[in-house]
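Here is the naming used below: chain letters follow the sequence lines, and residue numbers restart at 1 for every chain.
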Number of protein chains: 4
Amino acid sequence: MKDKRPKYKQIIDAAVIVIAENGYHASQVSKIAKQAGVADGTIYLYFKNKDDILISLFKEKMGLFVEKIEQQIEGKETAEEKLYALIEKHLALLAEDHHLAIVTQLELRQSNKELRLRINEVLKGYFLVLDQIIEYGIQRNEFRKELNTKVARNMIFGTIDEAVTTWVMNDQKYDLVNLSPSINELLIHGCGRS
Amino acid sequence: MKDKRPKYKQIIDAAVIVIAENGYHASQVSKIAKQAGVADGTIYLYFKNKDDILISLFKEKMGLFVEKIEQQIEGKETAEEKLYALIEKHLALLAEDHHLAIVTQLELRQSNKELRLRINEVLKGYFLVLDQIIEYGIQRNEFRKELNTKVARNMIFGTIDEAVTTWVMNDQKYDLVNLSPSINELLIHGCGRS
Amino acid sequence: MKDKRPKYKQIIDAAVIVIAENGYHASQVSKIAKQAGVADGTIYLYFKNKDDILISLFKEKMGLFVEKIEQQIEGKETAEEKLYALIEKHLALLAEDHHLAIVTQLELRQSNKELRLRINEVLKGYFLVLDQIIEYGIQRNEFRKELNTKVARNMIFGTIDEAVTTWVMNDQKYDLVNLSPSINELLIHGCGRS
Amino acid sequence: MKDKRPKYKQIIDAAVIVIAENGYHASQVSKIAKQAGVADGTIYLYFKNKDDILISLFKEKMGLFVEKIEQQIEGKETAEEKLYALIEKHLALLAEDHHLAIVTQLELRQSNKELRLRINEVLKGYFLVLDQIIEYGIQRNEFRKELNTKVARNMIFGTIDEAVTTWVMNDQKYDLVNLSPSINELLIHGCGRS
DNA sequence: AATGAATGAGTCTTCATTCAT
DNA sequence: TATGAATGAAGACTCATTCAT
C-alpha cells in the first residue's frame with residue numbers, strides 16, 4: 001500500500017490534475033509526464049500502459065477513500081449515525097479535492113468497458129461497507145426487515161453519487177457537504193421503520 | 001421531431017445497434033454507415049459530425065422515453081401511483097430494448113465532457129417530470145413538506161439509474177421490472193410522511 | 001495478377017525506390033507514401049501493414065521474375081541451354097533494375113523471420129523451375145544420375161545469388177551479365193557427366 | 001584477440017544465445033545484459049554501441065571459425081582434400097553450435113546495411129582461404145586453368161552457405177555434415193578438369 | 001441526394017544510451 | 001569498474017471528414 005517510490009505517487013497526482021483539467025481524451029501520456037516532471041518513458045517504468053495509470057489512480061484514491069470512511073464510521077453506535085457519517089465524509093472528501101471529484105464523477109466514466117469493469121472491482125470495497133451498515137441497521141431494528149439489501153445499497157450509492165455528479169456538473173457552485181442532512185433524511189426515511 | 005427523411009432514423013437505429021454491440025470506442029462512422037446501409041459520406045448529409053449522431057440519438061430516444069412515461073403517469077391520481085408508474089415504465093422500456101439499455105447506461109457515458117453536457121440538457125426533460133411528481137406529492141400532503149426537491153429528484157433518478165446499470169453490468173440476467181416494488185417502497189419511504 | 005488499381009503498383013514501385021535508397025530500416029511508411037505521391041493513410045487502403053508492402057512487393061516482382069525466366073527457358077532444347085538461359089536472364093533482370101537488385105539482395109534479407117518465411121514461400125516457384133531443369137538434365141543424360149537434386153538446386157541458386165550479392169556489395173562496378181559464361185561453366189561442370 | 005576481461009566474452013556469448021532464442025529484433029541490450037549477468041550500463045564499458053556487440057561477435061566467432069578451418073586444411077596435400085576438409089569443417093562447426101548457426105545464417109543478416117558491410121570485411125578472411133585453395137588447385141593442375149577465381153569462390157561459398165541456411169530453416173532436422181560428400185562432389189566437378 | 005476513395009492529423013509505446021552514484 | 005533509473009526521439013496506424021463524381 002505504502003509505495004515509497006515517490007515517482008509513482010507523483011505520476012498519479014499529475015494524472016488527476018491533467019485529467020481533471022483537460023478531460024480524459026485530451027490527457028495524453030506526454031501531458032501527464034510533463035505535469036509530473038518526468039520523461040514520457042519514465043511513466044512506463046511505473047505503469048504498464050495508459051489504462052494502468054487510471055486503474056492505479058482509482059485503486060489508490062478509492063483505497064484511501066474507503067479507509068477514511070471506515071475510520072469515520074467505526075466509533076458510531078447506530079446505523080443511522082454510521083450512514084450519516086458515511087454521507088458526510090463521502091461528500092467532504094470529494095468537496096475538498098475538486099480535481100479528484102471531476103475525475104471520479106465525469107472523466108473516469110468515459111473509459112472503456114474493460115477499464116470500467118476493473119473500476120467496479122475496486123468499488124466493491126465500498127459496496128461492502130454499505131452492505132454492512134444496512135445489515136447492521138436491520139439487526140438493530142433500525143431498518144425494516146423486508147429491506148432488499150442490494151436495492152437499498154444501490155439507492156444509497158446512487159443517491160450520493162448522483163448528488164456529487166450534479167454538483168460537479170454545476171461547476172461546484174454550492175456547498176456540497178450542506179446536502180448531507182437532506183440526503184441522510186431521505187435515505188433514512190427510505191430504509192427506516194417509521 | 002417527425003423527421004420524415006427515412007435515412008435519419010435509419011442511421012440512428014443503426015448507431016444504437018453498432019454502439020451496443022461494439023462499444024462506444026469501436027463504433028466508427030464507417031461501421032454505422034454500413035449497418036445503416038448507406039455510404040459514409042451520406043451520414044454527413046443528415047448529421048453535422050459524429051457527436052451529432054450521438055446527441056440526436058439521445059434526444060430522439062429520450063424524447064420518446066419521456067413521452068411514454070408521461071402517458072403512463074397522466075391518468076394516475078396519487079403521487080405514489082405516479083411514482084410507481086414511472087419506475088415501472090422506466091425499467092420496462094429499458095428491459096425491452098437491451099441495445100438501448102447498453103447504450104444509455106454504459107456506452108454513452110464514455111463520451112466526452114461536452115457531449116455529456118449536451119446529454120444532460122436532454123435529461124432535464126425527465127427531471128422536470130420527476131420534479132412535478134415530487135411537488136404534486138408535497139401539495140397533496142403525500143410527501144413531507146421539508147423535502148428538498150432537488151435532492152429528492154437526485155435520489156429517485158440515482159436509485160433507478162443505479163438499478164438499471166447494475167442490471168446491465170450483470171448481463172441482464174434477472175428480471176429488471178421485478179425490482180419495481182422494492183425500489184418504489186424505498187423511494188416512497190424516503191419521500192413519504194410516515 | 002494484373003492489378004489495375006494504379007495506386008497499388010504506384011506504391012510498390014515507390015517502396016522499391018525508397019528501400020533501395022534508404023535501406024529497410026530507414027524506410028518509414030511516410031517516406032514511401034511521399035515517394036508514391038499519396039497520403040500516408042492511403043497506403044493502408046491497399047496494404048494491411050508495412051510488412052505487407054514488402055511481401056506484396058516481393059510477390060509481385062518475383063512473380064514477373066519467374067515468369068520472364070520461364071519464357072526464356074521454354075524454347076531451349078537441352079538442359080545446358082536452359083540453365084544458361086536462366087543464369088543469363090537472372091543476372092540481366094537484376095542488372096537492369098539496380099534498385100530491385102539492392103532490395104532483393106540486401107534489404108529484404110533484413111526483414112524479420114516471419115517475413116522471410118513468407119518470402120521463402122514465394123521463392124519456391126523459382127526453386128521449382130530449377131528442379132525441373134535438373135531433372136530434365138538427368139533424364140536427358142546430360143547430368144549425372146547420382147545428382148542430389150536438392151543439393152544441386154542449392155548450388156545453382158547459391159552460386160547465382162552470391163554472384164549478384166557480391167556485385168551489389170561492390171556497388172555494381174562491373175558488368176554482371178558478363179559473369180554468365182563463367183558461372184554457367186562452373187555449374188555445368190558441377191552437374192555434368194564428363 | 002585474447003581479451004582477458006572475462007565480461008567481454010561473457011557478453012558476446014550472452015548475445016549469441018539471446019539473438020538465437022529471441023531473434024535479432026527482439027534482442028534488446030537489456031536482455032543481453034541480463035543473460036550476461038551484468039547491468040545494462042556495463043555493456044557500454046566494453047562495447048561502443050549495440051552494433052559493436054554484433055560486429056565483435058561476428059569477428060570473434062568468425063576468427064575462431066577461420067582459424068579452425070585453416071588448421072584442418074594445413075596438412076592436406078591435394079586441393080580436393082583441402083576443399084573436402086573445408087566443407088566438412090564448415091558444416092561441422094555450425095552443426096555443433098546451433099545457436100551460432102541461427103545467428104549467422106538468419107539473424108545477423110537482418111542487421112542494417114552498414115553492419116553487413118562490416119561483416120563482409122570479416123568474411124574476407126574466409127574468402128582468402130578459399131582463394132588460396134582454388135589457386136593451389138589450379139597450380140597443381142587439379143582445377144581448370146580457365147577458372148574465374150572470384151566466380152569459383154562465390155560458387156563454393158554460396159553453395160555451402162545455402163546448404164546451411166536451408167538446414168537451419170528446416171529446423172536442423174537432418175544431419176548437416178552428411179551433405180559433405182554431395183556438396184564436395186558437385187563443387188569438385190564444378191572446378192575440376194575432367 | 002448519394003457515393004466512397006482519399007486525406008493527414010494525432011498518440012502510445014519502445015529501447016538504445018547516459019550519468020549520478 | 002559497475003550500476004540501473006531515467007531519458008526522449010522516433011514511427012506505424014486509425015478514423016472522422018471531405019469532395020469530385
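Of all nucleotides listed (F:dG8, E:dA5, F:dA2), F:dA2 comes nearest to the side chain of D:Tyr46.
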Dot-bracket line, read 5' to 3' along DNA chain F, where crossing pairs take [ ] and | marks a partner on another strand, Watson-Crick or G-U under 3.5 Å:
.||||||||||||||||||||
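F:dA5 atom C1' lies 14 Å from atom CD1 of A:Ile43, rounded to whole Å. Atom OH in A:Tyr24 sits roughly 13 Å away from atom P in E:dT11 (whole-Å rounding). As rounded to whole Å, 12 Å separates atom C1' of E:dG10 from atom NZ of A:Lys31. At whole-Å resolution of the value, CD1 in C:Ile11 and P in E:dA5 are 14 Å apart. Taking atom CZ of B:Phe47 as the reference point, atom P of F:dA16 lies 15 Å away to the nearest angstrom. Between the CG atom of A:Leu45 and the P atom of F:dG4 there is a distance of 14 Å, rounded to whole Å. Put simply, OH on A:Tyr8 is 18 Å from C1' on F:dA5, counting in whole angstrom units. Whole-Å rounding puts the B:Ile32 CD1 to E:dG4 P distance at 17 Å.
Annotation: side-chain contact (heavy atoms from CB on, under 4.5 Å) contacts of B:Asp40 (sequence neighbours excluded): B:Ser30, B:Ala33.
With 3.5 Å as the limit, one finds a donor-acceptor pair spanning the side chains of B:Asp161 and B:Gln105.
Ionic pairing of A:Lys61 and A:Asp13 is present here: one or more N-O contacts between side-chain nitrogen and carboxylate oxygen are shorter than 4.0 angstrom. Salt bridge annotation for D:Lys9-D:Glu60: present, with a cationic side-chain nitrogen under 4.0 angstrom from a carboxylate oxygen.
Taking side-chain N and O atoms only, A:Lys7 has no distance below 4.0 Å to OP1 or OP2 of F:dA5.
Of the residues D:Val16, D:Ile17, D:Val18, the one that meets the side chain to side chain contact (heavy atoms under 4.5 Å, CB included) test with D:Ile32 is D:Val18.
Remark: side-chain polar atoms of D:Thr42 are not paired, donor with acceptor, to backbone N or O of D:Val38 under 3.5 angstrom.
For the pair C:Asp52 and C:Phe47, the tightest heavy-atom approach, listed with the atom from each and the gap, is OD2-CA, 3.4 Å.
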When you check every protein heavy atom under 4.0 Å of nucleotides 12-21 of chain E, what one-letter string (B, S, -) results, 5' to 3'?
SBBSSBB---
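Between C:Tyr46 and C:Ser56, every side-chain heavy-atom pair lies at or beyond the 4.5 Å cut-off.
Geometrically, D:Lys50 engages D:Tyr24 in a cation-pi contact, judged by NZ or CZ lying under 6.0 Å from the ring centre and within 45° of the ring axis.
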